[in-house]
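A short write-up of the structure that comes next.
One is the number of the first residue; the rest follow in order along the sequence. Everything quoted here is computed from the prediction, not taken from an experiment.
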Amino acid sequence: MEINGKDMYFIAVKALVRDDDKLLITHDVFKSWDIPGGRIKKVEFQKPLVDVLNRKLKEELGNAIQYEIGNVVTTFSVERDEVGMKSRARIFAIGYEVRYIGGSINLGENHDKYRWVSIANFKPNVLFKDGWEKGLEDYLDSIKSSKLVH
C-alpha cells in the first residue's frame, strides 16, 4: 500500500520465547508457523511496546504462562498475502527475547499447536517464509556466535 509515493507498513512486536536451549514456535489456524506476538492496535500507538507484547502473549499463550521480557534482539521485514487486502501486506516486526519461567501454555483461538525447537539445530527456512525466517536466522546466529565467544 502506498500513499504519496511512500510505502505503508504494519508494525508488530514478536516474542522469541526461550527455555534454555529451546525456542517456542506456534502454528496458526491460517496454516502457517509463527512466533508469539502481533500487530499494534490503533489504541496502543503511544503505549510501550512491551505492554503490547504482554497483551499478545496473554492472548496467544494464555494467562498461566510465566515469562520475563528482555531486550530487542532482532527485526523482521515481512511481505505476505493478507485476508481482506488486495495487495500484499508489509509488516515490520521487532523481536524481543523472552525467558520462559514456567506455567502451562494454553493457546488462544488463532493457534492450534506449538513446539519447542532446539536452538542448535532449528532451520527456520524449513517452516517459516515471507521474511520471518530471516529474522529468526539472524537471532539464532547471534546466539550461536555469542556462545562461541564465551
Side-chain angles (χ1 to χ4, degrees), residues 1-117 119 122 124-143 146:
M1 189 168 23
E2 195 175 292
I3 296 178
N4 297 328
K6 296 178 182 160
D7 210 5
M8 299 283 294
Y9 300 91
F10 292 101
I11 304 295
V13 289
K14 289 295 200 171
L16 295 127
V17 181
R18 284 187 55 191
D19 184 7
D20 293 324
D21 62 345
K22 296 176 290 206
L23 177 70
L24 179 69
I25 62 173
T26 56
H27 189 266
D28 63 33
V29 296
F30 307 107
K31 310 227 183 298
S32 296
W33 283 98
D34 196 5
I35 56 174
R39 294 182 213 169
I40 300 169
K41 292 182 177 182
K42 184 177 181 179
V43 298
E44 296 173 318
F45 184 68
Q46 296 294 332
K47 288 189 175 185
L49 293 178
V50 294
D51 290 354
V52 177
L53 188 56
N54 273 315
R55 174 185 61 81
K56 291 304 296 180
L57 288 168
K58 297 297 183 198
E59 285 176 5
E60 295 183 9
L61 303 179
N63 291 320
I65 186 172
Q66 299 166 13
Y67 57 86
E68 179 179 86
I69 297 176
N71 294 320
V72 171
V73 290
T74 192
T75 59
F76 304 86
S77 296
V78 176
E79 187 173 0
R80 70 176 193 196
D81 292 327
E82 190 82 9
V83 175
M85 286 184 66
K86 294 177 184 172
S87 60
R88 289 175 60 83
R90 289 186 169 184
I91 304 164
F92 177 77
I94 300 157
Y96 284 83
E97 189 166 59
V98 175
R99 185 174 65 92
Y100 173 76
I101 296 171
S104 61
I105 294 173
N106 301 306
L107 295 174
E109 63 185 35
N110 290 326
H111 292 87
D112 56 6
K113 58 186 167 184
Y114 69 91
R115 183 187 305 172
W116 289 100
V117 296
I119 288 172
F122 181 57
N125 63 335
V126 173
L127 298 177
F128 289 81
K129 61 181 183 173
D130 298 327
W132 296 115
E133 71 284 1
K134 177 72 172 107
L136 285 168
E137 288 166 1
D138 289 347
Y139 171 65
L140 294 173
D141 287 346
S142 72
I143 292 171
S146 71

### Query
To the nearest 0.5 Å, what is the distance between CD (E60) and CD1 (I105)?
11.5 Å
### Message
Minimum heavy-atom separation for L140 and P124, please, with both atom names.
### Response
CD1-CG, 3.7 Å
### Close side-chain approach of I65 and L57, heavy atoms under 4.5 Å
no
#### Entry: Separation between CZ of R99 and CD of Q66, rounded to the nearest 0.5 Å
10.5 Å
### Query
Given the rule in the side chain to side chain contact (heavy atoms under 4.5 Å, CB included) test, do F128 and I35 qualify, once you have shown the distances and angles that lead to the verdict?
CA-CA 10 Å; F128 289 81; I35 56 174; 4.3 Å; yes
### Query
Do R55 and K47 have side chains that get closer than 4.5 Å, going by heavy atoms?
no
### Task
Look at E137 together with K134 and state whether they make a salt bridge at an N to O cut-off of under 4.0 Å.
no
### Query
Going through the distances and angles, do K113 and W33 end up as a side chain to side chain contact (heavy atoms under 4.5 Å, CB included)?
CA-CA 9 Å; K113 58 186 167 184; W33 283 98; 4.0 Å; yes
### Query
Any side-chain heavy-atom pair from S142 and V73 closer than 4.5 angstrom?
no
### Message
Minimum heavy-atom separation for L53 and G37, please, with both atom names.
### Response
CD1-CA, 4.3 Å
### Task
Kindly compute the distance separating CZ (F92) from CD1 (I11), expressed to the nearest 0.5 Å.
6.5 Å
### Heavy-atom check, side chain of Y139 versus side chain of K14, under 4.5 Å
no
### Query
Can you check whether L49 reaches Y96 side chain to side chain, under 4.5 Å on heavy atoms?
yes
### Message
What I'd like to find out is whether the side chain of I91 reaches to under 4.5 Å of the side chain of R39, using heavy atoms alone.
### Response
yes
### Query
Do L107 and L61 have side chains that get closer than 4.5 Å, going by heavy atoms?
yes
### Message
Checking the side chain of T74 only, and the main-chain atoms of D138 only, is there a donor and an acceptor separated by less than 3.5 Å?
### Response
no
### Message
Would you say NZ of K129 has more than 12 non-hydrogen atoms from neighbouring residues, nucleotides or ligands within 6.0 angstrom?
### Response
no
### Summary
Of all heavy-atom pairs linking E97 and I143, the shortest is OE2-CD1, 4.4 Å
### Message
Return the CD1 to CG distance between I69 and N71, rounded to the nearest 0.5 Å.
### Response
11.0 Å
### Task
Drop me the distance from T26's OG1 to D34's CG, to the nearest 0.5 angstrom.
4.5 Å
### Query
Checking side-chain contact (heavy atoms from CB on, under 4.5 Å) against Y100, which of L23, L24, D20, V17 comes through?
V17
### Message
Tell me if the centroids of the rings in F76 and W132 come within less than 6.0 Å of each other.
### Response
yes
### Separation between CG of D19 and OH of Y67, rounded to the nearest 0.5 Å
15.5 Å
### Message
Is there a side-chain contact between Y9 and E79 in this structure, where contact means two heavy atoms from C-beta onward sitting under 4.5 Å apart?
### Response
no
